Amino acid sequence: MLLALEERLRQAVVEFAARHWQVELANVAIEQPPRPELGDLALPFCFELARRLRRAPRALAQEFAASFPLPEGFARVEAAGSGYLNFFVRRSQVFAALAGQRRDPGLQPRLGGKAIVEHTNINPNKAAHIGHLRNAALGDTFVRLLRYRGENVEVQNYIDNTGVQVADVAAAFEHVLHQDAAALRAEIAGWEEKRQRLEREGAISAPPQNLPLAAGVTRAAYSFDYRCWDLYAQISRHYEEQPDALAWRGAALAAIEHGGNETAALAEAVADAIVTCHLRTMRRLNVAYDLLPRESEILRLHFWDAAFERLKRSGAIRRETAGKNAGCWVMDLGTAGPEEGEGEDSKVIVRSNGTVTYVGKDIAYQLWKLGKLGRDFHYRRWSSAPGAPWVTDTEGAADAPSFGGARWVFNVIDARQAYLQDIVAAGLRALGEQEAAEHSVHFSYEMVALSPRCAEQLGLSLSPEARQRAHVEVSGRKGFGIKADDLMDQLIQSAGREVQARHPERDEAAQLALAEPIAIGALRYFLLKFTKNALIAFDLDEALSFEGETGPYVQYAAVRAGNILRKGGEEGAAAEQPLAGAAAPDDWEHYLEPNELWELVQLAARLESVAEQAIVTTEPAYLAKYAFQLAQAFNNFYHRTPVLAEADAGRRAFLLRLVAVTRQRLAAALDLLGIAVPEAM
RNA sequence: GCGCCUGUAGCUCAGAAGGAUAGAGCAGCGGUUUCCUAAACCGUUGGUCGGGGGUUCGAUUCCCUCCAGGCGCACCA
């Protein structure tokens, strides 16, 4: 609701300034006064105006306050401090809008077309780990934010099924385990059979159910991705000890790229099976996808050829004839000044042996995402499961929807790849696709490392120097890290113990139904509460905490609000019904006079503003912070304001409304974070 | 060497396009339960915002410089 008021105010201020002072105001900033009694919205533009008009900011503010016609929805404006303008909104009007569950009209799609958000993108050769979870949580939350705003969003999870990491595992099956593709497929079928048997026995659960494993069951016993986790570490070790064996990798890569051979079949079997595991893992975290674009189709459908032609034709790349890159097609980056003089600032796109680098493939893929390639994939469903994503293919299903061709692309990729992402954008610009380049957003985030204490808990022995450092990097290659599923298992177990202590009367299944959303809520919140470019030094004890600034804290506030409404019986239920009509009852303005209550309403009303801010800055952490603040304000209210014991019926109804509104907004904020509200806590 | 990021309380982090007394969580200390369940609440200790310059009426925020840390700069992805 406040978002629409902000927009309206901004516009009115710009018009007024033009009329009254003949000045054009760009970007009218709207802030929050430090204390709620000072007002609801603070505008500091008089300070800027003071410079331009060469007048005192305070005098300008007073002049403005005296003659500015207040837009609809505002009660008054005050000049404050040394030149602030503090606006007070009509409290009951804001509250009525919330109680009417009316969508904030300020929340509008602004991208002007379809958006693709690409995230997760895990190499399909081993189990997902904690770092992958951060990527998925960020991407998925951003998707939810965009959809909340009404944007048309397509979620893609890119599968590099022909890359080095898959090649390594394929080579391990081939050269270390001496398995052929038929044997591997049989093995994978065996894993799947075992999983299904355990599911039937109730020893494990199928997502989206998230039950703990039965006693004596380990994931390693039935998970192919766990098996590959170890195998990948094993062959990486082998390469280190016997560097000659690296020839396997090169041969495997070439064979996979060429296709139609035993190694390619091995790689395909590995990648497909692991993708299935990853989808399952992400499903536990409430993450889903529309499309899985695969590198194999980018190769088979010759996406690169189309991009290559364009790049050559436009002169974006050129064939190097001399120097260390002789025989390669390179792209000049032109970022360095001429003083370097060496002409060294170029990037290899096609190697001298004719194969394409990652950047080259990514330019082609990025062009496709933005509808600029002139080629398309075919599609089929990944599986027959309901809600299964689509996957690219060389031949298509008849009922396949269309994908790609977006106006905006957000690539959730870690900060270490910033340089490469810049090159991809430079490639688009070199092709004359200025707008495509500007609409290709690198949604950059820092990695997740482990705190030294956590690393030692996992059995890594650290040198004294390493122990002094802030963090220890995880390594898939070394098989060192926390697997995503293990972490979720631990969290569910830990939440289960808490639930059991609080709800001993419930049976085990009912307890688990509560523990699951709490555990996942704790995890997602933990991954989202840090701003993107803060490196997370993951600490198990901290992540397992359910108190303080955590997901469960927010969930608990929502549950408490629900408890009041439930115990309020019919009155409580009535408060949850959308308020009929636009007008607020007369006494509401009176009830909202105490700032403690208004503070809660005002905060609840800010959800859309915060969501908008989170989108504009691509910073989901703002939303997480907000959810926590709202929960905090509610807990505060909960303690000092008895609701059901309120004797005055009118005020009681009002307070119940307030509880209902807060609960609804807490749930909405949590939903945007991908977190569910448990029935009880 | 070049580029990007980071440096705020004991620890982990917020401080949105400069602005009103720099905030939270954890940890510490001291309180609050015949209740709308304490996964909560209240109080309290704790800061030269890495150092130094500059721009500005005003700088944690912008610019320069130095210091410290991280990450990038392949015919790997």
Side-chain angles (χ1 to χ4, degrees), chain A residues 26-27 29 31 33-35 38 42 44 47-48 50-51 56-57 80-84 86 123 160 163-165 249 253 295 320 324-330 335-336 340 345 347-355 357-359 361-362 414-420 422 444 446-447 449 451 469-471 473 495 498-499 501-503 518 522 529-531 533-537 539 541-542 545-550 552-553 555-557 559-568 572 610 613-614 616-617 619 621-622 625 628-629 631-632 635-636 638-645 659 680-681:
Chain A
N27 303 330
E31 303 171 354
R35 291 184 308 283
L38 289 176
F47 294 104
E48 185 206 330
R51 203 170 333 202
S82 50
Y84 274 98
N86 290 339
N123 273 306
D160 182 6
V164 179
Q165 296 212 15
R249 173 188 286 171
L253 264 176
E295 185 158 273
E320 192 77 86
K324 66 181 166 107
N325 291 337
C328 300
W329 286 88
V330 302
T335 44
E340 280 302 313
D345 215 11
K347 179 79 192 166
V348 172
I349 302 297
V350 180
R351 303 182 188 99
S352 54
N353 68 3
T355 56
T357 63
Y358 159 78
V359 176
K361 282 183 275 196
D362 212 30
D414 84 79
R416 287 173 293 191
Q417 299 204 41
Y419 173 65
L420 293 171
D422 285 348
S444 167
E446 265 295 347
M447 61 179 181
S451 72
R469 302 182 75 175
H471 55 84
E473 204 172 332
E498 300 289 330
V499 170
R502 290 170 173 79
H503 301 280
I518 293 170
K529 74 172 176 178
F530 302 96
T531 47
N533 49 10
L535 188 150
I536 298 181
D539 189 272
D541 296 340
E542 203 188 322
S545 162
F546 299 140
E547 290 167 20
E549 195 188 337
T550 65
Y553 177 94
Q555 290 171 317
Y556 187 55
V559 166
R560 284 178 134 182
N563 288 346
I564 296 178
L565 296 168
R566 185 163 33 77
K567 295 206 173 175
V610 173
Q613 193 63 36
V616 168
T617 55
E619 191 61 270
Y622 287 149
K625 286 275 177 217
F628 174 67
Q629 283 170 3
Q632 219 173 17
N635 274 330
N636 194 295
Y638 180 92
H639 256 266
R640 66 171 87 170
T641 317
V643 175
L644 298 177
V659 171
M681 280 181 81

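A, B, ... follow the sequence lines: proteins, then strands. Residue 1 opens every chain. In this text, all values refer to a predicted model and were calculated from it rather than measured experimentally.
Residue D414(A) is out of contact with every strand shown, counting any heavy-atom pair closer than 4.0 Å. Residue contacts for I518(A): at a heavy-atom cut-off of 4.0 Å it reaches a base atom on one of the strands shown. Looking at heavy-atom distances under 4.0 Å, F546(A) makes contact with a base. Y638(A) comes within contact range of at least one nucleobase, with a heavy-atom separation under 4.0 Å. Nucleic acid contact class of A534(A) (heavy atoms, under 4.0 Å, all strands): sugar-phosphate only. Among the atoms of the strands shown, only primed sugar atoms or phosphate atoms (P, OP1, OP2) are found under 4.0 Å from some heavy atom of V164(A). Using a 4.0 Å heavy-atom cutoff across all strands shown, R35(A) reaches at least one base atom of the nucleic acid.
Between Y622(A) and rC13(B) there is no side-chain polar atom (N or O) within less than 4.0 angstrom of OP1 or OP2. OP1 or OP2 of rA77(B) has not a single side-chain nitrogen or oxygen of N123(A) nearer than 4.0 Å. Considering only side-chain N and O atoms, Q632(A) lies under 4.0 angstrom from the phosphate OP1 or OP2 of rG25(B).
Going from atom NZ of K529(A) over to atom OG1 of T550(A) covers 7.5 Å, rounded to the nearest 0.5 Å.
The nucleotide rG72(B) finds its pairing partner in rC2(B), both defining distances of the Watson-Crick or G-U wobble pair being shorter than 3.5 Å. Under the Watson-Crick or G-U wobble criterion, with both distances below 3.5 Å, rG46(B) has no partner in any strand shown. Look at rA9(B): it lacks any Watson-Crick or wobble partner with both distances under 3.5 angstrom. Pair check for rU60(B) finds none; no Watson-Crick or G-U wobble contact set falls under 3.5 Å. Across all strands shown, rC35(B) forms no Watson-Crick or G-U wobble pair with both distances under 3.5 Å.
Among rC5(B), rA40(B), rC75(B), the nucleotide with an atom closest to any side-chain atom of K324(A) is rC75(B). Nearest to the side chain of R560(A), among rA38(B), rA20(B), rC36(B), sits rA38(B). Checking rA20(B), rA39(B), rC71(B) against every side-chain atom of E473(A), the shortest atom distance belongs to rC71(B). In this structure, of rA40(B), rG72(B), rG25(B), it is rA40(B) that holds the atom nearest to the side chain of Y556(A). Minimum atom distance to the side chain of A42(A) is reached by rA20(B), of the listed rA20(B), rA16(B), rC71(B). Closest to the side chain of Y84(A), out of rA40(B), rA16(B), rG19(B), is rG19(B). With distances taken from any side-chain atom of N563(A) to the nucleotides rC36(B), rC5(B), rA77(B), the minimum falls on rC36(B). Relative to the side chain of N325(A), the nucleotides rC75(B), rA20(B), rA39(B) differ in distance, and rC75(B) lies closest. Considering only side-chain atoms of K567(A), the nucleotide from rC75(B), rC36(B), rA39(B) that sits closest is rC36(B). If you check rA20(B), rA39(B), rC73(B) against the side chain of Y419(A), the one that comes closest is rC73(B).
Side-chain to base pairing of N636(A) with rA40(B): no donor and acceptor N or O lie closer than 3.5 Å to each other. Within 3.5 Å, a donor on the side chain of S352(A) pairs with an acceptor on the base of rC75(B), or the reverse. You'll find a donor-acceptor pair under 3.5 Å spanning the side chain of R502(A) and the base of rA39(B), going by distance alone.
One C1' atom belongs to rC71(B), the other to rA16(B), and the distance between them is 25 Å to the nearest Å. Distance check on atom P: rG50(B) versus rA9(B) gives 8 Å, rounded to whole Å.
Ring pair Y84(A)/F47(A) is perpendicular by interplanar angle, where above 60° counts as perpendicular and below 30° as parallel.
Comparing I564(A) and E48(A) by the nucleotide of RNA chain B that holds the closest heavy atom to each, the one mapping nearer the 5' end is E48(A). Between L535(A) and R51(A), it is L535(A) whose nearest contact on RNA chain B lies nearer the 5' terminus.
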